[in-house]
Structure formats: C-alpha cells, structure tokens
Amino acid sequence: ILLLPSAIGNLQSLKKLILSGNPYIKLPPEITRLNKLRSIRLNQNKFIEIPEEVYSLPSLRKVNLSNNKILKISSKISCLVTLESINLSYNNLTEIPPQIGMCTCLN
C-alpha cells in the first residue's frame, strides 16, 4: 500500500495502529480524527520527519518511528502531553529539541 486510505479517519474507536514496514512518507490528515489512539507504530517506513498529524493525536502514549529517515524532531513534540514512550532509533537525528521536556509522562 503506497498511501493510507483517508477512510482511516472513520475508525474513531481505534486504540492501536500498526503501519510498520511500508513505504509511507506521509499520513492522511483524516488520521487526526483518531482521538482514542494510544499507540502508533510507524517503524520501517520512509518518513523524513515525524508526521505533523502525529502531534494532533491527544491520547497518544506510545510512538514507534524507528528505522525511518527522520532528520529532526519538531518543537510540536510538546503537544504530546500523554506520551510515555517514543522510539526514534535508527534514524538520522542530530539533535533533540528542549521541548521534549514538556512531555512529562515520558519514560
């Protein structure tokens, strides 16, 4: 699958989404309607940055974006106030923004 269908936004009770091992470089904006999503696995894709839509998921606790091509983390990371765990291993990060300190639930 090259593009995630926009109908993903209709799964509003979804709590866990696994999209590992795909050629994704972006997410559809409709994914922001998944207000109950607690865990998203986007590892082994082709992202060069954390998708903007991820920052709009209010219940997100676990994010796996390992094995992508991510170069930087946006200061919007501070929007993920319920974030407990984020895996960004095997990317091309050179720095981590200080705003990550706003994620007080992070382990």
Side-chain angles (χ1 to χ4, degrees):
I1 298 175
L2 293 176
L3 293 173
L4 193 61
S6 60
I8 190 80
N10 296 335
L11 304 174
Q12 295 180 8
S13 294
L14 195 66
K15 292 184 180 177
K16 185 175 186 178
L17 182 59
I18 301 172
L19 298 170
S20 306
N22 288 288
Y24 298 138
I25 58 171
K26 62 181 182 174
L27 296 174
E30 292 83 2
I31 205 163
T32 61
R33 295 197 312 238
L34 304 180
N35 292 326
K36 295 181 181 175
L37 194 66
R38 292 178 178 224
S39 174
I40 190 165
R41 289 179 50 188
L42 299 168
N43 54 305
Q44 297 177 333
N45 280 283
K46 307 284 184 203
F47 295 106
I48 59 169
E49 62 185 3
I50 297 175
E52 286 291 316
E53 293 80 9
V54 170
Y55 301 120
S56 298
L57 296 168
S59 299
L60 210 52
R61 293 184 181 177
K62 295 182 182 180
V63 176
N64 186 340
L65 276 156
S66 64
N67 293 286
N68 279 281
K69 300 178 184 306
I70 297 173
L71 301 169
K72 65 177 187 166
I73 301 171
S74 168
S75 61
K76 291 181 183 178
I77 192 76
S78 63
C79 295
L80 299 176
V81 294
T82 60
L83 190 64
E84 295 174 355
S85 134
I86 185 166
N87 184 346
L88 291 163
S89 60
Y90 300 101
N91 278 288
N92 299 319
L93 292 169
T94 56
E95 63 182 85
I96 297 174
Q99 290 85 353
I100 202 160
M102 302 291 286
C103 302
T104 57
C105 295
L106 203 54
N107 294 323

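None of E52, E49, E53 except one satisfies the salt bridge (charged side-chain N to carboxylate O under 4.0 Å, His left out) rule with K76; the exception is E52.
Looking only at side-chain heavy atoms (C-beta outward), L93 and L71 stay at 4.5 Å or farther from each other. Using a 4.5 Å cut-off on side-chain heavy atoms (C-beta onward), L34 and L11 make contact. Using a 4.5 Å heavy-atom cutoff, the side chains of P58 and N35 are in contact. Contact of the I31 side chain with the L17 side chain is registered, since non-hydrogen atoms from C-beta on lie closer than 4.5 Å. A 4.5 Å side-chain heavy-atom check between I70 and L65 finds at least one atom pair inside the cut-off. Here the side chains of L27 and L42 are in contact, with some heavy-atom distance below 4.5 Å. Between N45 and I25, the closest side-chain pair of non-hydrogen atoms is not below 4.5 Å. Side-chain contact between I48 and N68 is absent, with no heavy-atom pair separated by less than 4.5 Å.
Donor-acceptor pairing under 3.5 Å is recorded for the side chains of N43 and S20.
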**Request:** With side chain to side chain contact (heavy atoms under 4.5 Å, CB included) as the test, would you mind laying out the steps for K62 and R38 before giving the verdict?
**Result:** CA-CA 6 Å; K62 295 182 182 180; R38 292 178 178 224; over 6 Å; no
**Request:** Let me see the working for N87 and R41 under side-chain hydrogen bond (donor to acceptor under 3.5 Å, both in side chains), right down to the final yes or no.
**Result:** CA-CA 9 Å; N87 184 346; R41 289 179 50 188; over 6 Å; no
**Request:** Any chance you could lay out the side chain to side chain contact (heavy atoms under 4.5 Å, CB included) test for I86 and N64, step after step, and finish with the verdict?
**Result:** CA-CA 6 Å; I86 185 166; N64 186 340; over 6 Å; no
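If you take CD on E84 and OG on S39, they are separated by 10.5 Å, rounding to the nearest 0.5 Å. The CG atom of N10 lies 9.0 Å from the CD1 atom of I8; values are rounded to the nearest 0.5 Å. Interatomic distance, OG of S74 versus CD of Q99, reported as 8.0 Å (0.5 Å rounding). Atom-to-atom distance recorded for L80:CG and L106:CG is 9.5 Å, nearest 0.5 angstrom.
Connection of I73 to M102 is not established within any shared hydrophobic cluster, with ILVMFWY side chains joined at heavy-atom distances below 4.5 Å, either directly or through further cluster members. Follow the hydrophobic side-chain contacts under 4.5 Å out from V81 and you never reach I96; the two are in separate clusters. Residues Y55 and L57 are members of one and the same hydrophobic cluster, defined by side-chain heavy-atom contacts under 4.5 angstrom among Ile, Leu, Val, Met, Phe, Trp and Tyr.
Of all non-hydrogen atoms in S78 and C103, the two that sit nearest each other are CA-SG, 4.4 Å.
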